[in-house]
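Notes follow once the structure below has been shown.
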Protein chains: 2
Amino acid sequence: MAYSIQTVSEKTGLAISTLRFYDKAGLLPFVARDSSGYRAFTDGDLALLHTIVCLKNTGMKIADIRRYIELVMAGPTTAKDRSALLAAHREKVVAKQQEIARSLAEIDYKLQMYASPEAEEKVAQEWAMASADKEKNGLPNPFTA
Amino acid sequence: MAYSIQTVSEKTGLAISTLRFYDKAGLLPFVARDSSGYRAFTDGDLALLHTIVCLKNTGMKIADIRRYIELVMAGPTTAKDRSALLAAHREKVVAKQQEIARSLAEIDYKLQMYASPEAEEKVAQEWAMASADKEKNGLPNPFTA
DNA sequence: ATAAACCCTAAACTATACTTTAGGGCAAGG
DNA sequence: CCTTGCCCTAAAGTATAGTTTAGGGTTTAT
């Protein structure tokens, strides 16, 4: 039994319009049509769609996902290319994760400051320094609360 | 000494056009102008800009960053609101990081499969199953290499 | 045989974040 | 004076990823 687009939408959490958009974008060349022209998703299609979602979740662009799918469609001989593509993507994702972690650490530092007992003084101090910074340069002070 | 927009661009890695865009979007209300109408960034401004970049790096939308900056501009009394805003953002970022990690783990699983000695068979097997899946449902088989 | 619930495409529209272009001022050196 | 290098704004353009709309078949139960 094949699945309708609505069923697939429910199973994957992707909007029906998104599934059609992906199809038009060349991400779903493997999805067949029934006698009425309706998309008929098999379980194998769902597996591939799941991979597409993983790539999307990790920030891969549609155009690159299409490239991966093209390799899959071209058969087992492209296994090495697929592997290379995924490995390159993996490295980019890891780098991005690290960058986000660094920024998050800075946000955590600020949070911790706001949570400390001396938060009030510290914030007031920051305020004073920013103001002084403006005055020092003969610039109008926008910190006017 | 205040910094020109070009200098700030070099220090932050943000394009000049991006800095102007951020200013127009209300992210840089603290940046003063000199007698010629040129933007004059102080060190304090750079610190705030750095925070903006952290928020941007972690995926916060411009509109939300503006909200944070508005709180900063409103003075030390808004410290609790800022803290709440950052804490909420932090949770979203952590959740997103975990989701990415899960998807990455699946990509890693595929990579590991491609790297195994039995990769060739496994890929051929996947291919056969996807094909069978189509035939079983009386659908055209798009896997035609 | 008709209404309700699905499915389809093409094309226009939206959102987000920038970048580019066009037109023009200011400041320093030759 | 005038060229060169910065700076400015406003507005249009680009890129990416969808979503919505308009118009139209299909399937199923009544």
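Note that the structure is a prediction, hence the values are computed from the model and not measured.
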Legend entry - Salt-bridge contact Asp34(B)-Arg39(B) (side-chain N to carboxylate O under 4.0 Å): no

Would you say a side-chain N or O of [X] is under 4.0 Å from OP1 or OP2 of [N]?
X	N	answer
Thr18(B)	dA17(C)	no
Arg33(B)	dG25(C)	no
Ser4(B)	dC7(D)	yes
Arg66(A)	dT16(D)	no
Tyr22(B)	dA17(C)	no

Inset, instruction - Answer yes if the side chains of Thr78(A) and Asp81(A) hold a donor-acceptor pair under 3.5 Å, and no otherwise. - result: no

Interatomic distance, [X] [atom1] vs [N] [atom2] [rounded to whole Å]:
X	N	atom1	atom2	result
Leu28(B)	dA17(C)	CG	P	14 Å
Ile16(B)	dT19(C)	CD1	C1'	12 Å
Tyr38(A)	dG24(D)	OH	P	16 Å
Leu14(B)	dA17(C)	CG	C1'	13 Å
Arg20(A)	dG18(D)	CZ	P	15 Å
Lys24(B)	dC18(C)	NZ	C1'	11 Å
Lys56(B)	dC18(C)	NZ	C1'	10 Å
Phe21(A)	dC13(C)	CZ	C1'	14 Å

Categorize [X] for me: base, sugar-phosphate, or nothing, with a 4.0 angstrom heavy-atom threshold over every strand shown.
X	value
Ala25(B)	nothing
Ala63(B)	nothing
Ser36(A)	sugar-phosphate

Inset, instruction - Please check if atom CD in Glu120(A) has more than 12 non-hydrogen atoms from other residues, nucleotides or ligands closer than 6.0 Å. - result: no

Legend entry - More than 12 heavy atoms from other groups under 6.0 Å of CZ on Arg67(A): no

Among [options], the one nearest [X] by side-chain distance:
X	options	value
Ser17(A)	dT19(C), dT20(D), dC8(C)	dT20(D)
Arg39(A)	dG18(D), dC8(C), dT9(D)	dC8(C)
Lys61(A)	dC7(D), dA17(D), dC7(C)	dA17(D)

Inset, instruction - Kindly compute the distance separating NE2 (His89(B)) from CE (Met60(B)), expressed to the nearest 0.5 Å. - result: 4.0 Å

